[in-house]
Amino acid sequence: RFQFRLTTGGLLVNRVMAGRDTEAAHAIDRLGEAVGSRDDGAIAASLKGIPLLAATSQLSNEERMDLIILSWSTLENNDFEVDPLHLGGLAADALEQLLDGMPSEEVLALPQLKLAFALNVPAAKKVALTQLLRAPPAAALADDDFLPKVEVAIGDPDVGVGALAVKVFVHWGSTERGLTAVLQPSVVGALHERCRADPIGMLRVAEVYLGIASSSPAALSQIAASNVLLPLFEHLESDDPLARLAAVELVRETVTVAAGVVMLEQRGALGVLGETLSVVDSLEGQVLTPGILSLFASLAKIPDVDAQGMLTTHGVLRCIEHAVTHPEISEQLCTAGLDAGATVASIPGGLQIVLSGTTDRFLPGLRGLINGEAGQQLASAALHTLARLLDPESHTEDDRAAAERTFTSVAGERADRFVEAVVERARRPFEDDKAAGFHLLQSVAGHGWGAAVLLAHRGFFEWIVDRRGTTKQEREWKYAIGQRVEQRGELTELQRDELREWLRQGPHYRRGVTGDMEVATMTA
């Protein structure tokens, strides 16, 4: 506090000696007097006014620096009677606005920017990291002091500080010089050593390198060659479930680019993940399996990957079947199985992959979920999965031949009753139910046999072309179904004429208020 008062007093003397009489000068006076009188409310009020002052006033360089020094001093001072982090946050807001008006090279030269990392005040670290994030990577890395300080910040217990530190590293790694810097063995080693015992910290390290890798496959190749991710994969076999979960998340991100697949295969990660799927009924398996299923499904979508071989080898399809046919284990697990099955089905030949890799229990299990045997939330999820299994957009010739058998197996002997139940769900007021019903109807309508099944349902055609009492989203769903029925369905002459006119009008047709003028509008 003594040092703070000296700093404040010095600034006040400077102002008087220089004869300044500006709004900024008075702001300096007020903040200095508030601190001197230990009036925390006045301190807070003074800090609150600084961002507006910096945004609306033409501050001289001297005034701006005076305000920065005062705000930093407030940020560093922890001897206030109220929560210092509250005042720290106000000081940080003031600093953000003040620093925004300065060139990056001048901001980086401020000694306070480096001192902030030594404070036990998250707000101060966030200010410093935000400025590093705004500065050009080359300028920040030209100062050797910043890199090790950001390394430490990645492992900071404050979530906001750690997340900003990750962003700074990713920002630096977006340039060739920055990538070389963050891939230095000393930097990589320091990060891993600091976070090795902390799964959340290790996940932040993964975010650093995967964030950099997302900029280009070449960057990921360099990262893979440097072995920086190797310690992260070690967590796949950790005894700590949280560490394994973090590693699964890492692998799931890695497979978003093709080069990551090669890296995973080289590390043997897929085999380890496949072994986890074999113990899905255990508590640990229930926690890890949803992420692993999602990971393999994403991997199957990458071009040039032998999806069927990979999914079969690692037991993914059997695990999907187990999750769908045993919803009592966990709703989260069942949902993950449905999502993974639907994702695999969305790739060319995906329906055949799913059907060939599962047994005759899979489709009946899906039917049971749709019938509500495990609750309405899973029923809607199962309808979405069936819709994606039947969607003709991704079907090969073999898929199209299998689609009708799939529908028949799930619908049962009374397809008319099944269609009636789906239409009823699409009419429900709840968005999740409505979306699931319309999604399946749209997929079924994309097949000749499917359009015939729908048109055979009494009142279906009239319901589709009826816009009365519908929302914007419902009109768009109906329009998409009508397009497919017109292309695939066997309609009477009157039906075809009516449907074509209905389609010509567009999904959001509204009759004009004058005469019979027709108006097509995109407004709800």
Side-chain angles (χ1 to χ4, degrees), residues 104-105 107-108 113-114 116-118 125-235 246-247 249-260 262-264 266-267 269:
S104 293
E105 59 271 17
V107 174
L108 294 176
L113 211 62
K114 296 176 184 177
F117 289 99
K125 297 176 186 177
K126 290 176 185 177
V127 169
L129 289 166
T130 299
Q131 296 309 311
L132 291 176
L133 192 57
R134 290 173 178 167
L141 290 168
D143 189 324
D144 294 337
D145 287 340
F146 284 124
L147 184 59
K149 293 183 184 302
V150 179
E151 284 176 16
V152 175
I154 285 179
D156 196 276
D158 184 90
V159 174
V161 172
L164 273 174
V166 167
K167 290 182 179 180
V168 171
F169 254 73
V170 173
H171 175 56
W172 288 347
S174 64
T175 64
E176 185 174 349
R177 177 180 176 183
L179 181 61
T180 301
V182 300
L183 289 180
Q184 293 178 76
S186 59
V187 175
V188 174
L191 285 176
H192 288 157
E193 190 60 35
R194 186 169 294 109
C195 299
R196 187 178 294 274
D198 175 16
I200 295 177
M202 290 299 281
L203 193 52
R204 288 181 189 165
V205 176
E207 290 172 358
V208 166
Y209 295 116
L210 294 174
I212 295 170
S214 65
S215 62
S216 72
L220 181 56
S221 297
Q222 291 187 55
I223 290 171
S226 69
N227 290 324
V228 297
L229 294 178
L230 185 57
L232 304 175
F233 288 114
E234 293 174 0
H235 281 298
E249 291 299 315
L250 159 68
V251 179
R252 183 159 60 171
E253 292 296 324
T254 304
V255 301
T256 56
V257 286
V262 176
M263 182 170 61
L264 293 177
Q266 292 173 342
R267 304 288 183 254

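In this structure D144 satisfies the side chain to side chain donor-acceptor pair (under 3.5 Å) test with no other residue, sequence neighbours excluded. A139 pairs by the side chain to side chain contact (heavy atoms under 4.5 Å, CB included) definition with L108, P136, not counting sequence neighbours. Taking E105 as the reference, P103 meet the side chain to side chain contact (heavy atoms under 4.5 Å, CB included) condition, with sequence neighbours excluded. By the side chain to side chain donor-acceptor pair (under 3.5 Å) test, D143 pairs with K114, sequence neighbours left out.
Among pairs with a residue in residues 152-166, those fulfilling side chain to side chain donor-acceptor pair (under 3.5 Å) read K125-D156, at least two apart in sequence or across chains. Within the structure, salt bridge (charged side-chain N to carboxylate O under 4.0 Å, His left out) contacts touching residues 130-141 (residues at least two apart or in different chains) are E96-R134, D100-R134. Listed by first then second residue, pairs satisfying side chain to side chain donor-acceptor pair (under 3.5 Å) with a partner in residues 175-184 number zero, not counting sequence neighbours.
Closest of all the heavy-atom pairs between L129 and A153 is CD1-CB, 4.3 Å. Between K126 and T130 the shortest heavy-atom distance is O-OG1, 2.7 Å.
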### Query
Given L132 and F146, is the side-chain contact (heavy atoms from CB on, under 4.5 Å) satisfied, shown in steps?
CA-CA 9 Å; L132 291 176; F146 284 124; 3.8 Å; yes
Could you list the donor-acceptor pairs under 3.5 angstrom formed between side-chain atoms of residues 159-172 and any protein atom two or more places apart in sequence or on another chain?
{"unit_1": "H171", "atom_1": "NE2", "unit_2": "L133", "atom_2": "O", "d": "3.3"}
{"unit_1": "H171", "atom_1": "NE2", "unit_2": "A135", "atom_2": "O", "d": "2.9"}

